[in-house]
Amino acid sequence: DAAVAQAQSPAGAPADPLEYAREQRGRDRQGVRLFQTCDVWRKAHAQLQTETTSAEMKRHCGLYQRYVEQGVLPGKK
């Protein structure tokens with residue numbers, strides 16, 4: 001029941017525990033660091049449009065996405 005799930009969630013937390021975990025990981029120290037690195041490469045690629053910036057943007061944004069979705073830090077399996 002949605003009302004029970006909402007009542008058991010921390011104040012302001014979404015009823016879906018997976019969504020809550022994603023939001024928390026996106027805001028924690030590692031999530032912010034990974035996002036910032038992704039954003040630097042995204043901006044570099046928008047400006048330079050090279051194979052290197054494209055590859056690094058995909059790599060770093062993928063690391064951020066993997067961390068937010070799965071909780072896996074770079075270098076961990």
Side-chain angles (χ1 to χ4, degrees):
D1 176 81
V4 172
Q6 185 66 34
Q8 293 174 346
S9 297
D16 179 5
L18 292 176
E19 184 61 28
Y20 180 71
R22 288 183 196 108
E23 288 179 13
Q24 290 300 104
R25 286 192 293 262
R27 286 191 287 239
D28 69 17
R29 183 182 304 168
Q30 292 86 359
V32 169
R33 179 181 55 82
L34 290 167
F35 174 80
Q36 289 171 338
T37 304
C38 166
D39 197 46
V40 166
W41 282 108
R42 189 179 305 136
K43 288 174 183 175
H45 183 61
Q47 187 174 24
L48 302 172
Q49 296 289 313
T50 67
E51 288 183 34
T52 300
T53 58
S54 176
E56 291 299 315
M57 176 188 70
K58 289 175 185 172
R59 182 169 81 90
H60 288 284
C61 293
L63 291 172
Y64 169 72
Q65 192 67 33
R66 180 178 174 210
Y67 177 68
V68 170
E69 292 295 322
Q70 301 172 14
V72 179
L73 286 168
K76 308 290 183 195
K77 292 195 180 214

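When side chains are defined from C-beta on, R27 counts as touching E23, because their heavy atoms get closer than 4.5 Å.
E19 CD to R22 CZ: the interatomic distance, rounded to the nearest 0.5 Å, is 5.5 Å. Rounding to the nearest 0.5 Å places CE of M57 at 14.0 Å from OG1 of T37. Atom CD of E56 and atom SG of C38 lie 11.5 Å apart (nearest 0.5 Å). Considering CZ of R66 and CG of L34, their distance stands at 11.0 Å, rounded to 0.5 Å. A distance of 7.0 Å separates CG in L73 from CZ in R33, rounded to the nearest 0.5 Å.
Here the closest non-hydrogen pair linking G26 and V68 is CA-CG2, 4.0 Å.
For Q49, the CD atom is densely surrounded, since the number of other residues' heavy atoms within 6.0 Å is greater than 12.
Salt-bridge formation is detected for the pair D39/R42: a Lys NZ or Arg NE/NH1/NH2 atom is positioned less than 4.0 Å from an Asp or Glu carboxylate oxygen.
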Subject >> Worked verdict on Y67 versus V72 for side-chain contact (heavy atoms from CB on, under 4.5 Å) >> reply: CA-CA 5 Å; Y67 177 68; V72 179; 5.9 Å; no
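With sequence neighbours excluded, the residues that form a side chain to side chain contact (heavy atoms under 4.5 Å, CB included) with T53 are W41, A44, H45, L48, T50.
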